[in-house]
Every structure is written in C-alpha cells, then in structure tokens.
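As structure tokens, the structure follows; a few thoughts come after it.
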Amino acid sequence: KRADEALYRAGQPLGSLFVAREGAFKTVALDAEGNAQVLGFHLPGELLGLDALGSGKHEAEARALTQANVCEVPLSQLETVASEVPGLQHQLLRIIGQGMNRHQAHVEMLGKRSAVERLAVFVHQLSERYRALGRSGESFLLPMSREDIASYLGLVIETVSRTLGKMQDDKLIAVRGREVRVLDAARLDALAH
C-alpha cells in the first residue's frame with residue numbers, strides 16, 4: 001500500500017483480517033459532516049480489521065500512514081487454520097483482548113487527562129507496543145503526523161507540538177522530527193499512570 005491508501009473502508013463487509021508486515025496504519029471514522037476522527041494506530045506486526053468482527057462490516061476505514069506491506073488473512077482460512085494450529089486460537093484471543101484494552105485506555109484518557117498526561121500515555125503506550133513487537137521501546141519513529149496525534153488525543157495540533165516541546169524541556173523525551181527517544185522511562189511511566 002502507498003501512504004494514504006485505504007486498506008478497507010467503513011461499511012465494507014468483513015472478508016479478511018490484515019497484519020501490517022511493514023509500515024503503519026491509522027483507523028479513521030467520519031462523522032455525518034465528513035469530519036475525520038482518528039480512532040487508532042496500528043504498527044508493524046499488529047492485526048487490523050477486528051472492528052468488523054461484531055457486525056460483519058468495518059466501522060472505520062484503515063489508511064496507510066507510510067509505504068506499507070500487509071499480509072491478508074481471509075476469514076474463511078483463519079477459522080480453518082485456527083482450528084488446526086495449536087495455540088493459535090489463544091493467541092488470537094490475546095490479540096483481540098489487547099486491542100480492546102487499547103480502546104478502553106483511549107476512552108479513559110480522553111475523559112480526564114491534561115494534554116501532558118495524554119501525550120505521556122500516548123508515548124508510553126507506543127514504547128510498550130514497539131517493545132512487545134521486539135523493537136526498541138527507547139527510540140522509535142512516529143509514523144503518524146502531529147495532526148493525526150492531535151485528532152487521536154482530542155487536542156489541537158498546536159497543543160501537541162507545544163506539549164512535546166515541554167516534555168523535551170522536562171527531559172522526559174527527546175524529539176527530532178518524527179524520532180522520539182525516551183530519556184526518563186520511570187517518570188514517563190509515572191506520568192502515564
């Protein structure tokens with residue numbers, strides 16, 4: 001997929017789940033006026049398309065943030081393979097649970113946190129997700145724009161930029177373009193929780 005190309009659209013029937021091999025995706029919902037709300041981000045190695053498991057139709061659209069390579073898993077094959085491969089069903093349930101936990105954490109974060117706390121949670125969660133995927137949780141690239149981060153966190157873009165600057169001044173993180181380095185993991189963790 002090319003950057004900004006749709007992997008699936010809202011209302012499209014569920015036919016497959018997808019795993020991002022390379023590149024990252026965002027899921028976006030459009031309201032009645034056509035305004036976009038970023039619902040989530042998906043990193044390489046994470047599963048996309050779970051939003052359609054309940055209704056059989058995608059609730060949001062998934063768009064590539066970067067040049068991306070995906071593995072498509074047709075639902076019909078998934079059921080067969082899951083019944084034949086020991087441990088796969090358990091692993092799928094764990095992945096679905098992680099997605100639900102991320103959604104719950106996102107809702108809680110929007111409800112009560114300051115801009116600094118929201119960004120701390122966001123950076124901390126990205127760090128943990130990269131680590132879980134076997135990558136560095138200390139230094140990583142943000143595949144999404146500041147505008148996408150602002151939409152996801154319920155902030156305006158200026159607040160995101162100003163808050164990242166404040167977190168850098170406070171020696172929590174170092175930011176250069178889209179590269180983030182965690183300088184004080186313990187303080188970041190404390191602020192996120």
Side-chain angles (χ1 to χ4, degrees), residues 1-79 81-82 88-89 91-110 118-119 121-135 140-155 157 160 178 180:
K1 295 287 175 188
R2 294 183 307 278
D4 206 39
E5 188 178 347
L7 182 61
Y8 54 79
R9 298 190 184 281
Q12 187 177 324
L14 172 64
S16 301
L17 295 177
F18 302 89
V19 178
R21 281 188 182 150
E22 298 166 14
F25 288 82
K26 65 180 174 182
T27 45
V28 180
L30 298 175
D31 65 16
E33 288 82 46
N35 300 313
Q37 170 69 49
V38 176
L39 302 178
F41 299 105
H42 304 271
L43 304 176
E46 294 182 342
L47 204 55
L48 287 102
L50 294 173
D51 64 312
L53 283 178
S55 67
K57 289 188 172 157
H58 291 287
E59 305 296 321
E61 73 175 22
R63 293 199 155 275
L65 288 165
T66 58
Q67 183 77 22
N69 181 355
V70 296
C71 175
E72 183 175 353
V73 185
L75 219 52
S76 56
Q77 288 179 22
L78 180 69
E79 290 167 5
V81 172
L88 182 60
Q89 284 179 326
Q91 197 172 347
L92 282 171
L93 288 173
R94 189 177 51 78
I95 290 167
I96 291 167
Q98 287 170 344
M100 290 170 68
N101 289 345
R102 273 202 301 270
H103 176 72
Q104 182 65 31
H106 182 219
V107 170
E108 287 173 13
M109 175 182 57
L110 291 177
R118 287 182 191 190
L119 267 158
V121 169
F122 178 71
V123 171
H124 182 266
Q125 286 178 346
L126 272 180
S127 171
E128 294 293 302
R129 285 165 67 187
Y130 275 118
R131 194 172 282 116
L133 294 166
R135 298 175 181 223
F140 49 87
L141 288 177
L142 297 173
M144 68 291 290
S145 68
R146 301 282 194 273
E147 191 175 2
D148 285 338
I149 295 169
S151 175
Y152 180 69
L153 296 178
L155 301 169
I157 191 169
V160 169
R178 289 193 177 200
V180 172

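If you read the sequence from its start, that first residue is 1, and numbering goes on from there. Only this structure's heavy atoms are used, side chains among them; waters, hydrogens and symmetry mates stay out.
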Out of curiosity, F41 CZ to L142 CG, how far, rounded to the nearest 0.5 Å? 9.0 Å

The reported gap from CG in L39 to OG1 in T27 (rounded to nearest 0.5 angstrom) is 5.0 Å

What pair of heavy atoms forms the shortest contact from [X] to [Y], and how long is it?
X	Y	value
F140	V123	CZ-O, 3.9 Å
P44	G23	CG-O, 3.2 Å
A60	A29	CB-N, 4.3 Å
L17	L75	CG-CD1, 4.1 Å
E147	I157	N-CD1, 3.7 Å

With Q37 via side chain to side chain donor-acceptor pair (under 3.5 Å) - residues at least two apart: none

Residues two or more places apart in sequence or in another chain: which of them pass side chain to side chain donor-acceptor pair (under 3.5 Å) with E59? S55

Compile the donor-acceptor pairs under 3.5 Å between side chains in residues 3-11 and protein atoms, sequence neighbours left out, one pair per line.
{"unit_1": "E5", "atom_1": "OE1", "unit_2": "R2", "atom_2": "N", "d": "2.9"}
{"unit_1": "Y8", "atom_1": "OH", "unit_2": "G49", "atom_2": "N", "d": "3.3"}
{"unit_1": "R9", "atom_1": "NH1", "unit_2": "E61", "atom_2": "OE1", "d": "3.4"}

Please enumerate all residues that pass side chain to side chain contact (heavy atoms under 4.5 Å, CB included) together with R131, with sequence neighbours excluded.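 Partners of R131 under the side chain to side chain contact (heavy atoms under 4.5 Å, CB included) test: S127, E128, E138.
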
Using the side chain to side chain contact (heavy atoms under 4.5 Å, CB included) criterion, which residues pair with A36? Sequence neighbours excluded. V28, L30

Stepwise side-chain contact (heavy atoms from CB on, under 4.5 Å) test for L43 and L126: CA-CA 9 Å; L43 304 176; L126 272 180; 4.0 Å; yes

Are any of the side-chain heavy atoms of I149 and L119 separated by less than 4.5 Å? yes

Could you tabulate the donor-acceptor pairs under 3.5 Å formed by side-chain atoms of residues 64-74, not counting sequence neighbours?
{"unit_1": "T66", "atom_1": "OG1", "unit_2": "A24", "atom_2": "N", "d": "3.2"}
{"unit_1": "E72", "atom_1": "OE2", "unit_2": "S16", "atom_2": "OG", "d": "2.7"}

Any pair counted as salt bridge (charged side-chain N to carboxylate O under 4.0 Å, His left out), so long as it reaches residues 40-51, sequence neighbours left out: E46-R102, E46-R129

For residues 21-39, the salt bridge (charged side-chain N to carboxylate O under 4.0 Å, His left out) pairs (sequence neighbours left out) are K26-D148

Just to verify, what does F25 make a ring pair (Phe, Tyr, Trp, His ring centres under 6.0 Å) with, not counting sequence neighbours? none

